[in-house]
Asker: 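One structure, pasted below without further comment.
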Protein chains: 2
Amino acid sequence: MRSDGDSDTMNDRKSGGMSERRQQRMRLEISRAAARLFWEHGVAATSGEQIANAVGISVRTLWRYFRNKESCAEPVLARDVEECVAVLRRWPREVSLEDHLVEWATNRPKNPDQQSYDDAVIKMTVLAEKEPDIRVAWLMTHDRIEREMAEIIADRLHRPSEDIEVRLHAATATAALRVISEDVSAALMAGADLASIGNSIKHMADAVRVATGGAVGDPVDP
Amino acid sequence: MRSDGDSDTMNDRKSGGMSERRQQRMRLEISRAAARLFWEHGVAATSGEQIANAVGISVRTLWRYFRNKESCAEPVLARDVEECVAVLRRWPREVSLEDHLVEWATNRPKNPDQQSYDDAVIKMTVLAEKEPDIRVAWLMTHDRIEREMAEIIADRLHRPSEDIEVRLHAATATAALRVISEDVSAALMAGADLASIGNSIKHMADAVRVATGGAVGDPVDP
DNA sequence: GGATAGATGTCACTTAGTGTCAAATTGGCA
DNA sequence: TGCCAATTTGACACTAAGTGACATCTATCC
């Protein structure tokens, strides 16, 4: 039963199973409910039973979707960075990082559901500063991101993803994105306006370029 | 039980209390036992009771020293990087990172106990690649290191440690050190000789310099 | 030696998380 | 449409992680 972290390798299902899509949607729904409870009552004071009840599933099923309580927060925590990585995956070789990220930020949908979602993301990110269990989920999420980042960078630099330089770039770039995420979330939580966000896109791109010694961020040869 | 006749009796404490020193030594002893068990039987197959028995303490006491099973691995995992950070703390402003690290590596004691210890560190670091629970401990350890690193860098650059640039440098530098640690451990595990380690000191310094855009690594003004 | 304070052990207890199996649900196919 | 096969879910029992409370021990200070 697909423990939650691993990538989806097998897709060949004959009949009966649940679609990958639906699994993800389920995980997300659970995660949002868990995030709300974590935020309102704290992690320790939120039981697996409460989360399960909030979603309307049995406790046993909850533990089939998530290997433990903390990791219930991961899908929500991952959303922003995950989206960012998806954007990075289709980053054209001939475009700079700034331009590509700005293009993403401007084309992003902004419906109310999206917004209440972003709210949950920010809350979890801020919570990750204080609550050790959420911190763990936050770090584990970025650990996964780092691996994806290695593939993206490897592809961009025409090197294997196990190359030590590639792994270094991936680690430092991901770390930079994480710190800025934390910073932006804290600022938004404190009531900053959206104007500063536009700036942080450029900040992110710059930070990645600095963190990778200029190896990642600029257009590269096809 | 613990007939601890040796001399850490007169450290700073009012009455009855255990010295900080001794607490740390206890945590370390537990951690080494836990590391051995984790390595031999895996984390899941190692119970808190087994760890407690191996050390000769009650299970209740074990949970007084560590908040959960995974974190029993932290002191061992932290040792190398912790030592590295201690070295960084006394990094003279007028010396380059390479020179300072090399000085450390050459002056390090090499008694048999130290060596069997290093062995445990390597095993845990390698284990952290596969076992999610140890991975968590590894990442949490580096999260703590990152905060210490921020203070060191802040001091070196004459900036507050909450400064976003300082935090970025701390995060990327720590990430770089972590990746190289993983790489070196894997190499040693695969039977590499010590010659390559000497190289990796320079590699570390270079990586930190690159990761921080040159802000950290060179001598700076007093 | 006695008072004091923190460390440890014991025991009872809560709850996170798993194994197992029967019932329900899903999607493919005739 | 309705049956089939794989899979998901729920229910229940169970293991083990982790905590609270309290008595006991041990070291230090007077």
Side-chain angles (χ1 to χ4, degrees), chain A residues 1-5 8 10-27 29-30 34 37-38 41-74 131-134 136-137, chain B residues 1-27 29-30 34 37-38 41-53 55-74 131-134 136-137:
Chain A
M1 153 108 340
R2 98 177 316 113
S3 72
D4 59 310
D8 23 320
M10 62 171 278
N11 214 1
D12 46 337
R13 189 184 69 263
K14 302 234 175 235
S15 82
M18 188 183 231
S19 77
E20 186 69 24
R21 203 28 111 240
R22 217 189 118 173
Q23 285 233 29
Q24 286 308 102
R25 202 137 32 89
M26 192 64 184
R27 283 175 56 83
E29 192 183 337
I30 295 172
L37 291 167
F38 288 164
H41 313 126
V43 183
T46 302
S47 68
E49 196 175 355
Q50 283 175 278
I51 300 173
N53 286 341
V55 186
I57 57 175
S58 76
V59 184
R60 187 63 186 88
T61 302
L62 172 63
W63 301 131
R64 283 205 181 87
Y65 278 95
F66 293 95
R67 69 180 186 292
N68 56 34
K69 211 166 64 170
E70 310 91 270
S71 61
C72 292
E74 283 181 14
E131 288 255 18
D133 291 332
I134 305 294
V136 162
Chain B
M1 90 162 1
R2 79 206 348 263
S3 52
D4 186 341
D6 60 309
S7 58
D8 71 53
T9 42
M10 49 193 332
N11 267 340
D12 49 327
R13 90 181 174 282
K14 318 242 165 208
S15 99
M18 188 185 232
S19 75
E20 186 69 22
R21 219 343 162 263
R22 212 186 126 176
Q23 283 232 32
Q24 287 308 101
R25 198 128 45 85
M26 192 63 183
R27 281 175 58 84
E29 192 184 338
I30 296 172
L37 291 167
F38 288 164
H41 312 127
V43 182
T46 301
S47 68
E49 196 176 356
Q50 282 175 281
I51 300 173
N53 286 341
V55 186
I57 58 175
S58 74
V59 184
R60 187 63 186 85
T61 302
L62 171 64
W63 299 133
R64 285 207 180 89
Y65 278 95
F66 292 95
R67 69 181 187 292
N68 56 35
K69 211 166 63 169
E70 309 93 88
S71 62
C72 292
E74 285 181 12
E131 289 255 18
D133 291 333
I134 305 292
V136 162

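Note on naming: letters A, B, ... go to the chains in the order of the sequence lines (proteins, then strands), and numbering restarts at 1 for each one. None of these values were measured; they are calculated from a predicted model.
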Asker: Figure out the CE/P separation between A:M26 and D:dT8, and round it to whole Å.
Answerer: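 My rounded result for the distance is 12 Å.
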Asker: First locate atom CD1 of B:I57, then atom CD of B:E29, and finally report the distance between them rounded to the nearest 0.5 Å.
Answerer: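 Atom-to-atom, B:I57:CD1 and B:E29:CD are 8.5 Å apart.
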Asker: How close do B:G42 and B:T46 get, heavy atom to heavy atom, and via which atoms?
Answerer: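 Taking B:G42 first and B:T46 second, the nearest heavy atoms are O-OG1, 2.8 Å.
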Asker: Distance check: side-chain N/O of B:Y65 vs OP1/OP2 of C:dA7, anything under 4.0 Å?
Answerer: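 False: B:Y65 side-chain N/O out of range (4.0 Å or more) of C:dA7 OP1/OP2.
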Asker: What is the distance, to the nearest angstrom, from the CG atom on B:N53 to the C1' atom on C:dG9?
Answerer: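 Atom-to-atom, B:N53 to C:dG9, this comes out as 13 Å.
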Asker: Can you measure B:I57 atom CD1 to C:dT10 atom P for me and round it to whole angstrom units?
Answerer: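 Those two atoms, CD1 and P, are 12 Å apart.
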Asker: State which residues pass side chain to side chain contact (heavy atoms under 4.5 Å, CB included) with A:V43; sequence neighbours excluded, sorted by chain then number.
Answerer: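 Per chain and number, A:V43 pairs via side chain to side chain contact (heavy atoms under 4.5 Å, CB included) with A:F38, A:K69, A:E131, A:D133, A:I134.
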Asker: D:dG10 phosphate, OP1 or OP2: any side-chain N/O from A:S58 under 4.0 angstrom?
Answerer: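 Looking at the OP1 and OP2 atoms of D:dG10, one of them is under 4.0 Å from a side-chain N or O of A:S58.
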Asker: I'd like to know if the side chain of A:S71 and the backbone of A:E74 have a donor-acceptor N/O pair within less than 3.5 Å.
Answerer: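 Absent.
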Asker: Could you give the CD-to-P distance, from A:Q24 to D:dT8, as a whole number of Å?
Answerer: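 Rounding to the nearest Å, CD of A:Q24 and P of D:dT8 are 13 Å apart.
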Asker: OP1, OP2 of C:dA7 versus side-chain N and O of B:Q23: anything below 4.0 Å?
Answerer: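 It does, given that an N or O in the side chain of B:Q23 lies less than 4.0 Å from OP1 or OP2 of C:dA7.
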Asker: Do nucleotides 11-18 of chain C as a string where each nucleotide becomes B, S or -: B if the base has a protein heavy atom under 4.0 Å, S if just the sugar-phosphate does, - if no protein is that close.
Answerer: -----SBB
Asker: Does the side chain of B:E70 reach to within under 4.5 Å of the side chain of A:V136, using non-hydrogen atoms?
Answerer: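 Not touching, per the 4.5 Å side-chain cut-off.
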Asker: Confirm from the modelled atom types if B:R64 and C:dG6 form a donor-acceptor pair under 3.5 Å, side chain to base only.
Answerer: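 Such a pair does not exist between side chain and base.
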Asker: Out of B:I30, B:V55, B:N53, which one pairs with B:L62 under the side-chain contact (heavy atoms from CB on, under 4.5 Å) rule?
Answerer: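 Only match with B:L62 under side-chain contact (heavy atoms from CB on, under 4.5 Å): B:I30.
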